[in-house]
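To start, the structure itself, in structure tokens.
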Amino acid sequence: QSRLARIIRYNCFSVETCPELLSHPNPGGFSALSGTALYYEPSFFNHSSEPNVSRWNIGDVIFFVANRNVPKGTEMCISYIESELLCEKPSRRTCLLNMDFDDQDHNISTTQETTATATAATAKEEEEDELDHQEFPIIDLEAHDDFMSMPAFSRMDDLLDLLHQATGGIDGVLCCRDELNVENNNDNNISKDSWFRCDIYNLHLMLALTLDEIGRTEEALVRWESCIEFTETWLPPADENCVPIRVQAALCAKAAGKHEVAQHHANEAVRYHNLLFGGGVHRFRKRYAKEMELKLRP
């Protein structure tokens, strides 16, 4: 029994039908699209913080696809954690993995010079972690359901307040590498840096949905496009999260009367979807037919 528990512990996969998640924004909407599964052959994949293989699910069927051109002889690796968490610092990724190894940045080598650099970076992170006791993202399924069950205007106010805290008062900051990597020791930045980047991303997502819900589509579009920038900056190449964000941005732009912008986002959604799933426009329309009919906007 103990051996079986360890096999499951180290080899199970989380299962999310990701491209449909945004279409179920109400409380409990995620539960029908998520679960845990154990597969034999996929369990041999190793982890990388820069995976060259993406995985995705439709129901209980799991698929693996290379997300870039991979040279012959290169090991094929996946990420053991959600792709939106890969932008976090190594100590946080290691904590989230909860495995028997440290998740260092992918390009760290074993030379003495880089080992010393990595050791110094680890020591610096440990000092920062003494000031930062947040080990896990706070915008989890329970927090999401709590927010989405609130009246829209109250939800909007709370989301804006949290974003103000998370970004140090710089509205709209989500994925700019320079600003997210600023090193400053004043109290405001210590507080700001304690936030997970994926939490800020998820706050933007919920705020975009909320602004859409109350008919403020132009403001919502700004948030959707900020989320697009995050997915294309921090997530692995051709990540499946790019598809639903582009779909919602296209629908939002259409509702705002910005038809050229809507067409651009729609074309990009189809392009990403075809890279991952194939089937062209026909499969894209079939998969997203119900999502197009949802009443997410007035």
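Here, residue 1 is the first one in the sequence, and each next residue gets the next number.
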(request) Start with the C-alpha gap between Leu276 and Val65, add the side-chain angles, then the distance that decides, and say whether side-chain contact (heavy atoms from CB on, under 4.5 Å) holds. (result) CA-CA 7 Å; Leu276 284 163; Val65 60; 4.1 Å; yes
(message) If you define the side chain from C-beta out and look only at heavy atoms, does anything of Asp158 sit under 4.5 Å from Phe147?
(response) yes
(request) Give a yes or no on whether a salt bridge exists between Arg155 and Glu213, defined as a side-chain N under 4.0 angstrom from a carboxylate O. (result) yes
(message) Can a donor-acceptor pair be found, under 3.5 Å and without considering hydrogens, that links the side chain of Thr94 to the backbone of Pro90?
(response) yes
(message) Within this structure, what is the CG-CG distance for the pair Leu163 and Leu203, rounded to the nearest 0.5 Å?
(response) 4.5 Å
(request) List the atom of Ala166, the atom of Trp195, and the distance in Å for their closest heavy-atom pair. (result) CB-CD2, 3.4 Å
(request) Please answer whether the main-chain N or O of Pro236 pairs with a side-chain N or O of Glu50 as donor and acceptor at a distance below 3.5 Å. (result) no
(request) Enter the distance from Glu219:CD to Trp224:CH2 here, rounded to the nearest 0.5 Å. (result) 14.5 Å
(message) Is any side-chain heavy atom of Asn267 closer than 4.5 Å to one of Arg271?
(response) no
(request) Identify the two heavy atoms, one from Asn52 and one from Cys77, that lie closest to each other, and give their separation to 0.1 Å. (result) OD1-N, 2.9 Å
(message) Quick check for you: to the nearest 0.5 Å, what is the distance between Ile139 atom CD1 and Cys198 atom SG?
(response) 9.0 Å
(message) Check for me, please, whether Val222 and Leu162 land in the same ILVMFWY cluster - side-chain distances under 4.5 Å, paths through other members count.
(response) no
(request) Indicate yes or no for a side-chain donor-acceptor contact from Ser154 to the backbone of Met150 under 3.5 Å, with no hydrogens or angles considered. (result) no
(request) Could you pull out the closest heavy-atom pair between Ser79 and Arg55, with the gap in Å? (result) O-NE, 3.8 Å
(message) Please give me the minimum heavy-atom distance between Ala256 and Glu218, naming the atom from each residue.
(response) CB-CG, 4.1 Å
(request) Using atom types as modelled and distance alone, determine if a side-chain donor or acceptor of Asp199 lies under 3.5 Å from a backbone N or O of Pro137. (result) no
(message) Could you check whether any side-chain N or O of Arg197 sits under 3.5 Å from a backbone N or O of Cys87, counting only pairs where one atom can act as donor and the other as acceptor?
(response) yes
(request) For the pair Trp234 and Leu85, evaluate side-chain contact (heavy atoms from CB on, under 4.5 Å) and give the outcome as yes or no after the intermediate values. (result) CA-CA 9 Å; Trp234 294 105; Leu85 299 172; over 6 Å; no
(message) Parallel, tilted or perpendicular, judged at 30° and 60°: which one describes the rings of Phe284 and His273?
(response) perpendicular
(request) Find out if a path of hydrophobic residues (ILVMFWY) with successive side-chain heavy-atom gaps under 4.5 Å connects Ile8 to Ile62. (result) no
(request) Can you measure from CD (Glu232) to CD1 (Ile245) and round to the nearest 0.5 angstrom? (result) 10.5 Å
(request) Please work out whether the ring planes of His47 and Tyr80 are parallel, tilted or perpendicular, with thresholds of 30° and 60°. (result) tilted
(request) Please say which of Asn67, Thr231, Leu235 ends up in a side-chain contact (heavy atoms from CB on, under 4.5 Å) with Ser83. (result) Leu235
(message) So which atom in Ser48 and which in Pro51 form the shortest heavy-atom distance, rounded to 0.1 Å?
(response) O-CD, 3.5 Å
(message) When you measure from the side chain of Arg223 to the backbone of Leu207, do you find a donor-acceptor pair of N or O atoms at a distance under 3.5 Å?
(response) no
(request) Give the minimum heavy-atom separation between Ala249 and Leu221, together with the two atoms involved. (result) O-CD1, 3.6 Å
(message) Main chain of Gly280, side chain of Asn274: is a donor-acceptor contact present, judged purely on distance under 3.5 Å?
(response) yes
(message) Please determine whether residues Ile7 and Leu97 belong to a single hydrophobic cluster, defined as Ile, Leu, Val, Met, Phe, Trp and Tyr linked transitively by side-chain heavy-atom distances below 4.5 Å.
(response) no
(message) Counting only heavy atoms not in Asp161 (residues, nucleotides, ligands), do more than 12 fall under 6.0 Å from its CG?
(response) yes
(message) Measuring only between side-chain heavy atoms, which start at C-beta, is Cys252 closer than 4.5 Å to Arg297?
(response) yes
(request) Give a yes/no verdict on a cation-pi contact between Arg287 and Phe277, requiring under 6.0 Å between NZ or CZ and the six-membered ring centre and an angle within 45° of the axis. (result) yes
(message) Nearest 0.5 Å, please: how far is CE in Met206 from SG in Cys227?
(response) 10.5 Å
(request) Classify the side-chain pair Asn241/Glu84 by whether it contains a donor and acceptor separated by less than 3.5 Å. (result) no
(request) Decide whether Phe13 and Tyr10 are clustered together by the hydrophobic rule: side chain heavy atoms of Ile, Leu, Val, Met, Phe, Trp, Tyr closer than 4.5 Å, transitively. (result) yes
(message) Under 4.0 Å between a side-chain nitrogen and a carboxylate oxygen: does that hold for Arg246 and Glu225?
(response) no
(request) Assert yes or no for the condition that the ring centre distance of Phe45 to Phe64 is strictly below 6.0 Å. (result) yes
(request) Mind running side-chain contact (heavy atoms from CB on, under 4.5 Å) on Leu211 and Thr217 for me, showing each step along the way? (result) CA-CA 6 Å; Leu211 291 166; Thr217 51; over 6 Å; no
(request) Quick one: sort the Tyr40 and Phe44 rings into parallel, tilted or perpendicular, breaks at 30° and 60°. (result) perpendicular
(request) Evaluate whether atom CZ of Arg285 has more than 12 neighbouring non-hydrogen atoms of other residues, nucleotides or ligands under 6.0 angstrom away. (result) no
(request) Go through the steps to decide whether Leu4 and Arg6 satisfy the test side-chain contact (heavy atoms from CB on, under 4.5 Å), and finish with yes or no. (result) CA-CA 5 Å; Leu4 179 60; Arg6 289 196 296 272; over 6 Å; no
(request) Say whether, by atom type as modelled, one donor and one acceptor occur between the side chain of Asp239 and the main chain of Cys242 under 3.5 angstrom. (result) no
(message) For the CD1 atom of Ile228 and the OH atom of Tyr272, what is their distance to the nearest 0.5 Å?
(response) 9.0 Å
